[in-house]
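Bear in mind that the values here come from a model prediction, so they are computed numbers and not experimental data. Here is how names work: the chains are called A, B, and so on, in the same order as the sequence lines, proteins then strands, and each is numbered from 1.
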2 protein chains.
Amino acid sequence: GKSMNLLQQKIITEGQVLSDSILKVDSFLNHQIDPQLMKYIGEEFAGLFAEAGITKILTIESSGIAPSVMAGLSLGVPVVFARKRKSLTLVDQLYSSKVYSFTKNETNEISIANSYITSDDVVLVIDDFLANGQAALGLIDIVEQAGATAAGVGIVIEKGFQNGGNLIRERGIRVESLAIIDSLSDGIVTFKGEN
Amino acid sequence: GKSMNLLQQKIITEGQVLSDSILKVDSFLNHQIDPQLMKYIGEEFAGLFAEAGITKILTIESSGIAPSVMAGLSLGVPVVFARKRKSLTLVDQLYSSKVYSFTKNETNEISIANSYITSDDVVLVIDDFLANGQAALGLIDIVEQAGATAAGVGIVIEKGFQNGGNLIRERGIRVESLAIIDSLSDGIVTFKGEN
Ligand SMILES: Nc1nc2c(ncn2[C@@H]2O[C@H](COP(=O)(O)OP(=O)(O)O)[C@@H](OP(=O)(O)OP(=O)(O)O)[C@H]2O)c(=O)[nH]1
Ligand SMILES: Nc1nc2c(ncn2[C@@H]2O[C@H](COP(=O)(O)OP(=O)(O)O)[C@@H](OP(=O)(O)OP(=O)(O)O)[C@H]2O)c(=O)[nH]1
């Protein structure tokens, strides 16, 4: 079949399928980080959104930060990460959004200080995983509260068998995922387009 | 006086002195991130520790991630970030350390999966702020639990008027801080070496 890109190769060689719905990639994305891979990922996002007039990247702590900072480096724009909890200095006027967790059956609030996103911003939302899509929708909601433009969403790994991708695309927002997983059944990673 | 480096200039022009002991730099380090500045910071750390045989960088979520990933890119080594809370995939054997917060008067546990640090590792610990030093000491404790070598600590902003720097240096561990603040009194940032 088609040659696999570097990210897909890393998923196959280092990823661990924990269940039919969970892929563990702690060795290069979610706990240990491969900086050179992050740089490639950032350059990939930058290339995909090069013509979109991006002025800012929005992400969420913690795993979204590394891919976002590399994309921001390539695009020459700042990166803002939403906080899940109050921090020592997050004392300003905030944009907040509720994010529901199916796994935990609970709703949490994510926040961004309003000084870091304005209605002039053209925003690229970036995150590591796209699963149920609630975090990405929360970031898009913040973009809209600020009156800014959501130019699109960049995702490292999309689980195509979950609904997040549908939820965002049916709103007319562009989603670019560097790897799309069709299935994790029987301990096997199947990418979209493979059979 | 001496010419200021880029980081010091950003602190002076964008930093907000919130109290005699707290400097807010949310516009480029702790909430919004300036990727190019992070790249310079990473290159600075890489240069300082170029001869140390570093095999791994250890940091802690969230603000330590961006400077660490850029340092890891320059040094060509992986970055591992300690988790403050359980994550979906942090299910392995862990090294953990208790970290006391003076501000909150509480102790929390930070953890790293033991597969990501071994006794062969020569570790550079990196964090954004050095204040009371408890987080850095917790990371050093994890390095020692793993039987690895703590080559040193890289800090973006050290508050020299707090005890963290002393605590680490008196253990014979090298600390390299890119900016050292002697005082935040009267709303003014005074760097070490200025009067
Ligand atoms: N490794 C891995 N992670 C997955 C997978 N599917 C979802 N996640 C992540 O798990 C976390 C679960 O999020 P929840 O808010 O509980 O959402 P959910 O149950 O509705 O999916 C999120 O991490 P997060 O909040 O982004 O955490 P952090 O890593 O940024 O701290 C999400 O990115 C998967 O297949 N593999
Ligand atoms: N902006 C700013 N932050 C400071 C300053 N002094 C300490 N901090 C940060 O505040 C947080 C307070 O840590 P605590 O664990 O409560 O420790 P402490 O009271 O003993 O200092 C830490 O952030 P953290 O856990 O690293 O949070 P995160 O940003 O990584 O999420 C630390 O880096 C300061 O002068 N300015």
Between [options], which residue shows the highest count of heavy-atom pairs closer than 4.5 Å to chain A?
options                    : answer
B:L88, B:V77, B:L37, B:I33 : B:I33
B:S27, B:A71, B:S87        : B:S27
B:K39, B:M70, B:Q16        : B:M70

Pick one of side chain, backbone, both or neither for [X], based on which atoms fall under 4.5 Å of a heavy atom in chain B.
X      : value
A:D26  : both
A:I112 : both
A:S115 : neither
A:K24  : both
A:V25  : neither

Side chain to side chain, B:I11 and B:F28, heavy atoms closer than 4.5 Å =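 Yes, close enough: below the 4.5 Å cut-off.
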
Side-chain contact, heavy-atom cut-off 4.5 Å: B:N30 with B:F129?
->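 They are in side-chain contact.
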
Do B:N108 and B:Y100 have a side chain donor and acceptor closer than 3.5 Å?
->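 There is no such pair (donor and acceptor under 3.5 Å, judged by atom type) between the side chains of B:N108 and B:Y100.
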
Determine, stepwise, if the pair A:T55 / A:D121 fulfils side-chain hydrogen bond (donor to acceptor under 3.5 Å, both in side chains).
-> CA-CA 6 Å; A:T55 65; A:D121 279 311; 2.7 Å; yes

Is [X] close to chain A through its backbone or its side chain, or both, or neither, when contacts mean heavy atoms under 4.5 Å?
X      : answer
B:K56  : side chain
B:S74  : neither
B:S111 : backbone
B:L18  : side chain

Should B:E44 and B:N5 be marked as a side chain to side chain contact (heavy atoms under 4.5 Å, CB included) after you check the CA-CA gap, both sets of side-chain angles, and the distance that decides it?
-> CA-CA 11 Å; B:E44 196 72 16; B:N5 64 38; over 6 Å; no

More than 12 heavy atoms from other groups under 6.0 Å of CZ on A:F161 =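 More than 12 within 6.0 Å, yes.
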
Heavy atoms from other residues, nucleotides or ligands near CD of B:E51 exceed 12 (cutoff 6.0 Å) =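 Open: at most 12 neighbouring heavy atoms sit under 6.0 Å from CD of B:E51.
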
So which heavy atom on B:V79 is nearest to which on B:S68, and how close?
->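 Looking at all heavy atoms of both residues, the shortest contact is CG2-O, 3.3 Å.
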
Side-chain heavy atoms under 4.5 angstrom apart, residues restricted to Ile, Leu, Val, Met, Phe, Trp, Tyr: same cluster for A:L58 and A:L124?
->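 Different clusters.
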
For the candidates A:D92, A:L75, A:I117, which exhibits the highest count of non-hydrogen atom pairs separated by less than 4.5 Å from chain B?
->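 Winner by heavy-atom pair count: A:D92.
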
